[in-house]
Amino acid sequence: MKELSKAYESKDVEAKWYQAWMDANAFHSDASKGGEPYCVVIPPPNVTGILHVGHVLNNTIQDILVRWRRMQGRNVVWMPGTDHAGIATQNKVEQALKEEGKTRDDLGRDAFIERVWTWREEYGGTIINQLKRLGASCDWERECFTMDPGLSAAVTDVFVQLYEKDLIYRGNRIINWCPRCQTALSDEESKGEDRKGHLWHIKYPVSGGVEGEFITVATTRPETMLGDVAVAMNPADERYADLPGKTITLPLVGRELVVIQDDYVDKEFGTGLVKVTPAHDPNDFEMGQRHNLESIDVMNEDGTMGERAGEYAGMDRFACRKKVVADLEELGLLAEIEGHSHAVGQCYRCKTIVEPRLSLQWFVRMEPLAQPAIDCVKDGRLNIVPDRWSNTYLEWMENIRDWCISRQIWWGHRIPVYYCDACDHQWAARETASVCASCSSADIRQDEDVLDTWFSSWLWPFSTFGWPEETDDLNFYYPGGTLVTGFDIIFFWVARMVMAGLEFRGEVPFKDVYIHGIVRDDKGTKISKQLGNFVDPIEYMDEYSADALRFSLMMILALGHDLKLPKDQIEVGRNFGTKLWNAARFMQMQDNSFVVDIENPVFDPALLSSEDKSIIYEMNQSIQACTEHLERYRFNDYAREVYDLVWHRLCDWYVEYSKSVFYGDDDSRKKQVLTVMHVVFANSLKLLHPVMPFITEELWQSMGYGAEGDFIMLERWPESQEMTALAAFGITEDVLAYVQDKHAVIRAGRMLKADLNIQAAKKMAYIIKPENEAHVSLLSEDEPSLMMLMRAESIIVDPAFSPEAAMPSAVLRLGTVYMPVDGVIDVAEELGRLTKQLDKLSGELKKFDGKLSNPQFVEKAPEEVIAQQRERRDEIASEAEKVSELIKALS
RNA sequence: GGGCGAUUAGCUCAAUUGGCAGAGCGCCAGCUUUACACGCUGGAUGUUACAGGUUCAAGUCCUGUAUCGCCCACCA
């Protein structure tokens, strides 16, 4: 046994054990060892990222699952890695360049990409090191990066496969365009945010009609009118029956607009007329397709107005909006300005307002991929926890839209499509092409765009194991066990991984998806750097320890809910660590050379006291409960269970009880109690290891529970035993009931002192009148521990004691414990207290009597409920009777 | 507009199948008890958001209302 210092120094200890685990290769997984696989793939953090509390939550959960399953003997792999995060990373590097006064164009494509790689070498390891600080037991030998050659090959392979199946196509569509990042975004990457805006009603002159005739259209984006090509009406709208055939003049531009009739137009909304701008609105684009209209793009890639905007060319889009409105007003063509609140798309990377814009992009046809992904949730092959997220998932799948996968940036997987300028051939290829696949001309060029970052992430569960090669790892570990993630990336990532898994592996990528909430600050606001409420978890780990942070988070992690993390919550974990530490020190102080074989402890039924039996039983119950809670992803219940076992059952009761043995002189009992305590403590450490890996390892080693060089992290998870097995040690329902009773007696004794304002330390005489005859001799035998725990001067166990006769020199608590207090008590005060107690009891009794005399209750309630209620009623009645007799005796 | 979640002690949250409403923090009183004051012992605190309903029995199930939060959506 290694003697423990007085205080626990978490920082050194945590670093020491992490290094020791790494040195021993303890996180490494090996498919060839067989067994039952359990695979978790990390949601790869952005390579640019730094650790925030959300990562801590996410990775603590994964680490708990992984460590627990590993202890259960599963062949566990936790696959780590980072994501190249196309737009985010490119933005970061461009930012750095900007400080040097350069742009990416100054460098050119190749040099820029080179620069990003250099940047990644320098800063890319930050978050990985932070995860290690947290204790994540990933198999770091396998660490992947989405731009690794292997993973890139998987991306290309998937692209080519889908291309050849015609599930990938290139087309002109309205997409979300970020003018700042200057790239297309997928629908998911444009986050709608309600903004207070305006609805401008604009008068368009009708030519060929009466002089001064106008129609009115409404728009939230007046600048797009510069690209109008038509006005649309509902064919059934009689108000405008004579409009078709007439031409309309577009103000400011002078272009003639045709009138089209389309069912899309809602007669009831606005004026019933819609301006049609096919190049800048998805619905208008659809109408444009149906009616063969030209699309006039009036904007540039950077959000300024383009040359087709005529005199407005070069203006910023929002400046142009103001100018257009002002110009219209001057012409008297502004009919009305209405306040209007509507969702405006924002770039999820930089919050810039995105511009719906006609653009030539690559898309994945999603519908064929979605159906199997719907089926697997409906038939239970994929289990989403908590289940309500299934609805969100299915809703999205069932209304799926094609995925825009091309990005106009440089950092990422370049689209493996080639164009031949000689023969116009277009093809996709796995290998970099140098000549045309059709005419062998060397006059070819590769598509300039790169793929959406998520196009590599959706392959993560199998690309990381070497796919498209059929590796042993892949065959053994796929499909994974649990995917742990926040709800914010269900669409981005989870849904798409399921689709890819089913499409390319024919199997779901994981069996369970555990969706956790997000961490908010103490005001309930989502934590983010932009909001300035970012707290650095590393600071928390430095101040309180990684274990404390992990444990505290789990204590408040209700299934699938958001959680708030105030600073004093973390103290709960820190305090718990200290409690553990001191419990260990207590044992060492009794005997610092005592070694127990934890797996095969010597329990002699003849030597075990009822307290010993009770704590063994409670440990056993906790083992079962913890296992069940983890199986059901009830992390807060799991954490609370160990907390209660260690703090309240082991420390508050058993350790306090043990002092009556240790301070005595029965050596065989001392040995037995110390054995029990070590066994309970060691098993508690095991139960706790998944959530508090460091301190449990330190204590496990210091206490000498394992053989030299053995880690608790590789120990076997404890298994609970049936009651019948426990009976071999004399652990029976009767014993457990007795200990409950005994503890009630002790509490009653303490309450007596507190109520009578007697100092807790003052030793008093007690009389115990057991209700249960069988407990008379047991209580007598337990006198030493009762004396200690009640701080008694003397204890008399007397089933025949008559409190009524002894009054007014004795008082009672809970009907069983009496204290002779000759001349000490204030009779009036005691009477008042007893009367109050009686009132409360009679009130309760009335409630129970009412219930029990209700014929419908007696008729319809299940028997065990009635019996239970009746028992409870009788308890209250007998207590009330005793109290009332005492009142009589006192008065 | 559609959907989801929340509303329980001063605060943060539990409560399995409907069956005695709990914990931590905070608060109050006491304690240098030979593991721990990051501790020990005891205590106070509830119209379970509101209004109905179902039931012998509702925090829990149903209907509606309010407030807050989130997600989705092409009403210009």
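Quick note on labels: first sequence line is chain A, next is B, and so on, each numbered from 1.
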Engineer: How far does the C1' atom of B/rA21 sit from the matching atom of B/rA29, given to the nearest Å?
Structural biologist: 26 Å
Engineer: Of all the choices, B/rC20, B/rG42, B/rG19, which nucleotide is nearest to the side chain of A/A754 once you look at every atom?
Structural biologist: B/rG42
Engineer: So does A/Q569 get a side-chain nitrogen or oxygen closer than 4.0 Å to the phosphate oxygens (OP1/OP2) of B/rU12?
Structural biologist: no
Engineer: Does CD in A/E863 sit with more than 12 non-hydrogen atoms of other residues, nucleotides or ligands closer than 6.0 Å?
Structural biologist: no
Engineer: Report the residue (A/D266 or A/R791) whose heavy-atom-nearest nucleotide on RNA chain B is the more 5′ of the two.
Structural biologist: A/R791
Engineer: Does B/rG59 have a Watson-Crick or wobble mate here (both distances under 3.5 Å), and if so which one?
Structural biologist: none
Engineer: In whole Å, measure the gap between the P atoms of B/rC25 and B/rG19 for me.
Structural biologist: 28 Å
Engineer: Tell me the partner of B/rA37, counting only Watson-Crick (N1-N3 plus N6-O4 or O6-N4) or G-U wobble (N1-O2 and O6-N3) with both under 3.5 Å; none if nothing fits.
Structural biologist: none
Engineer: State whether the distance check finds a donor on one side and an acceptor on the other, under 3.5 Å, for side chain A/R574 versus base B/rC38.
Structural biologist: yes
Engineer: Answer yes or no: is there an ion pair linking A/E641 with A/R634, defined by an N-O contact shorter than 4.0 Å?
Structural biologist: no
Engineer: Sort out the partner of B/rA15 for me: Watson-Crick or G-U wobble, both distances under 3.5 Å, none otherwise.
Structural biologist: none
Engineer: Would you say the base of B/rA35 and the side-chain of A/Q590 have a donor-acceptor pair closer than 3.5 Å?
Structural biologist: no
Engineer: Which is true for A/R750 with a 4.0 Å heavy-atom rule: it touches a base, it touches only sugar-phosphate, or it touches nothing?
Structural biologist: sugar-phosphate
Engineer: For B/rU48 versus B/rC13, give the span between their C1' atoms, rounded off to a whole number of Å.
Structural biologist: 13 Å
Engineer: Partner of B/rG26 by Watson-Crick or G-U wobble geometry, both contacts under 3.5 Å, or none?
Structural biologist: none
Engineer: Where the side chain of A/F491 is defined as all heavy atoms beyond and including C-beta, which of B/rC71, B/rA35, B/rA76 is the nearest nucleotide?
Structural biologist: B/rC71
Engineer: Please classify the nucleic acid contact of A/H201 as base, sugar-phosphate, or nothing, using heavy-atom distances under 4.0 Å.
Structural biologist: nothing
Engineer: The side chain of A/R585 lies closest to which of these nucleotides: B/rC56, B/rC72, B/rC36?
Structural biologist: B/rC36
Engineer: With ring centroids as reference points, do A/F681 and A/F586 lie under 6.0 angstrom apart?
Structural biologist: no
Engineer: Is the distance from OP1 or OP2 of B/rG39 to the nearest side-chain N or O of A/N575 less than 4.0 Å?
Structural biologist: yes
Engineer: Using the P atom as the point on both nucleotides, what is the distance between B/rA9 and B/rA14, in whole Å?
Structural biologist: 12 Å
Engineer: Which part of the nucleic acid, if any, lies within contact of A/V865, taking any heavy atom under 4.0 Å across all strands shown: a base, the sugar-phosphate backbone alone, or nothing?
Structural biologist: base
Engineer: Please tell me if A/K659 has a side-chain N or O lying less than 4.0 Å from either OP1 or OP2 of B/rA35.
Structural biologist: yes
Engineer: If the P atom of B/rC50 is compared with that of B/rU7, how far apart are they to the nearest Å?
Structural biologist: 13 Å
Engineer: Can you tell me the Watson-Crick or wobble partner of B/rA49, both distances under 3.5 angstrom?
Structural biologist: B/rU65
Engineer: Considering only side-chain heavy atoms of A/K191, which listed nucleotide, B/rA35, B/rC56, B/rC71, is closest?
Structural biologist: B/rC71
Engineer: Which nucleotide, if any, forms a Watson-Crick or G-U wobble pair with B/rU32, using both distances under 3.5 Å?
Structural biologist: none
Engineer: Compare side-chain N and O positions of A/R388 against OP1 and OP2 of B/rG3 and report whether any pair is under 4.0 Å apart.
Structural biologist: no
